[in-house]
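Just so it is clear: chains get the letters A, B, ... in the order the sequence lines come, proteins before strands, and each one is counted from 1. Values in this document were obtained by computation on a predicted structure and should not be read as measured data.
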2 protein chains.
Amino acid sequence: MQSAYGPLLDRLGLTYPQYLVLSSLGDQDDQTVGQLGTVLHLDSNTLTPLLKRIEAAGLVSRHRDPADERQVRVALTESGRNVIAQAADIPDQFAQSTGLSGAEIAQLRAALTTLRNHLRPRPERRNP
Amino acid sequence: MQSAYGPLLDRLGLTYPQYLVLSSLGDQDDQTVGQLGTVLHLDSNTLTPLLKRIEAAGLVSRHRDPADERQVRVALTESGRNVIAQAADIPDQFAQSTGLSGAEIAQLRAALTTLRNHLRPRPERRNP
DNA sequence: TGCGATTAAATCGTGTGCGATTAAATCGTG
DNA sequence: CACGATTTAATCGCACACGATTTAATCGCA
């Protein structure tokens with residue numbers, strides 16, 4: 001993924017995981033670290049340093065949620081929204097660079113999702 | 001991959017890439033770092049530290065090839081062969097844990113190989 | 001109400017991946 | 001033969017992944 005996205009992301013100064021975080025915030029702003037982790041299948045031990053880096057780059061802000069100070073909410077800055085706008089064409093360009101059709105990509109994604117769900121089952125609600 | 005192989009490899013004290021290296025040496029012993037890199041799609045910047053770790057664990061030995069001292073040949077030790085023997089059933093157990101049929105696994109592997117070949121084309125022989 | 005259990009992030013340690021550079025050996029050509 | 005080009009590993013730096021632990025806030029129940 002990195003080698004396909006790399007040339008596209010280099011001009012934005014982003015890594016692929018950083019791009020995924022910004023993308024997710026573009027879909028829904030002001031998410032908690034935990035929400036981002038659920039969407040991206042990452043944990044705070046990976047996300048916290050990554051978020052600090054894109055915060056240092058001025059793309060997001062991080063604040064404790066006043067209503068529940070255990071949680072940290074991550075929000076896009078103006079600069080972050082600009083970067084997302086510049087990245088708008090990346091998914092299509094990436095799809096091009098794979099040399100696969102849209103249907104093939106969808107099929108591959110579905111197969112990998114199935115595999116991941118088998119290998120890392122969502123933790124079940126506890127039965128009392 | 002790591003989370004599927006992890007439980008199986010933990011008892012051997014191996015990571016997944018380390019297992020791949022030993023596996024490849026099981027197929028053909030005494031390979032150079034470059035040969036391992038070609039098979040595993042890794043470079044010396046990744047392989048050298050990994051090889052030093054499994055050398056420190058006593059599983060392989062590393063020696064400069066006397067015929068061409070640029071190359072380093074990696075060979076299994078007796079202990080390394082023992083570990084490979086203990087790992088013989090891992091591929092089947094992994095296939096089980098994916099929840100996929102053999103045909104589905106083959107199809108997924110083929111799709112990923114195609115994708116990788118598009119994204120990281122094998123460097124071509126130079127045309128003079 | 002108070003105190004143990006739970007939850008959310010952060011932190012720590014280890015092991016890859018990979019771009020870029022370096023050092024040494026070998027090759028190729030004049 | 002000599003010397004620059006090439007090849008092979010090693011090294012360096014940075015950014016993930018992820019298991020394990022820690023810290024702080026909140027929850028739940030006696």
Does a side chain donor of either Ser101(A) or Glu104(A) reach within less than 3.5 Å of an acceptor in the other side chain? yes

Over how many whole Å does the gap from [X] atom [atom1] to [N] atom [atom2] extend?
| X | N | atom1 | atom2 | value |
| --- | --- | --- | --- | --- |
| Gln35(A) | dA9(C) | CD | C1' | 14 Å |
| Asp10(B) | dG15(C) | CG | C1' | 13 Å |
| Leu47(B) | dT11(D) | CG | C1' | 14 Å |
| Asp43(A) | dT21(D) | CG | C1' | 13 Å |

Using OP1 and OP2 only, check whether a side-chain N or O of Arg62(A) sits under 4.0 Å from dA10(C). yes

Can you tell me if Thr32(B) touches the phosphate of dA9(D), counting only side-chain N or O atoms and a distance under 4.0 Å to OP1 or OP2? yes

What pattern of brackets, bars and dots sums up DNA chain C from 5' to 3', given Watson-Crick or G-U wobble pairs under 3.5 Å, [ ] for crossing pairs and | for another strand? ||||||||||||||||||||||||||||||

Any base atoms under 4.0 Å from Arg73(A), or only sugar-phosphate, or nothing? Heavy atoms, all strands. nothing

For [X], salt bridge (charged side-chain N to carboxylate O under 4.0 Å, His left out) partners two or more places apart:
| X | answer |
| --- | --- |
| Arg64(B) | none |
| Asp10(A) | none |
| Arg62(A) | Glu55(A) |

Is the shortest side-chain N to carboxylate O distance from Arg81(B) to Asp29(B) below 4.0 Å? yes

Got Val60(B) and Leu25(B) here, is their nearest side-chain heavy-atom distance under 4.5 Å? yes

Polar atom pairs (N or O), protein with nucleotides 26-29 of chain C, under 3.5 Å:
from	atom 1	to	atom 2	distance (Å)
dT26(C)	OP1	Glu69(B)	N	3.2

Verify, without hydrogens or angle tests, whether Thr114(A) (side chain) and Ala110(A) (backbone) share a donor-acceptor contact under 3.5 angstrom. yes

Heavy-atom donor-acceptor pair, Arg73(B) side chain to Asp30(B) backbone, under 3.5 Å: yes

Can you name the atoms? Protein N/O to nucleotides 12-16 of chain D N/O, anything below 3.5 Å, with the distance.
from	atom 1	to	atom 2	distance (Å)
dC16(D)	OP1	Thr15(A)	OG1	2.8
dC16(D)	OP2	Gln18(A)	NE2	2.8
dC16(D)	OP2	Arg53(A)	NE	3.0
dC16(D)	OP2	Arg53(A)	NH2	3.1
dC16(D)	O5'	Arg53(A)	NH2	3.0

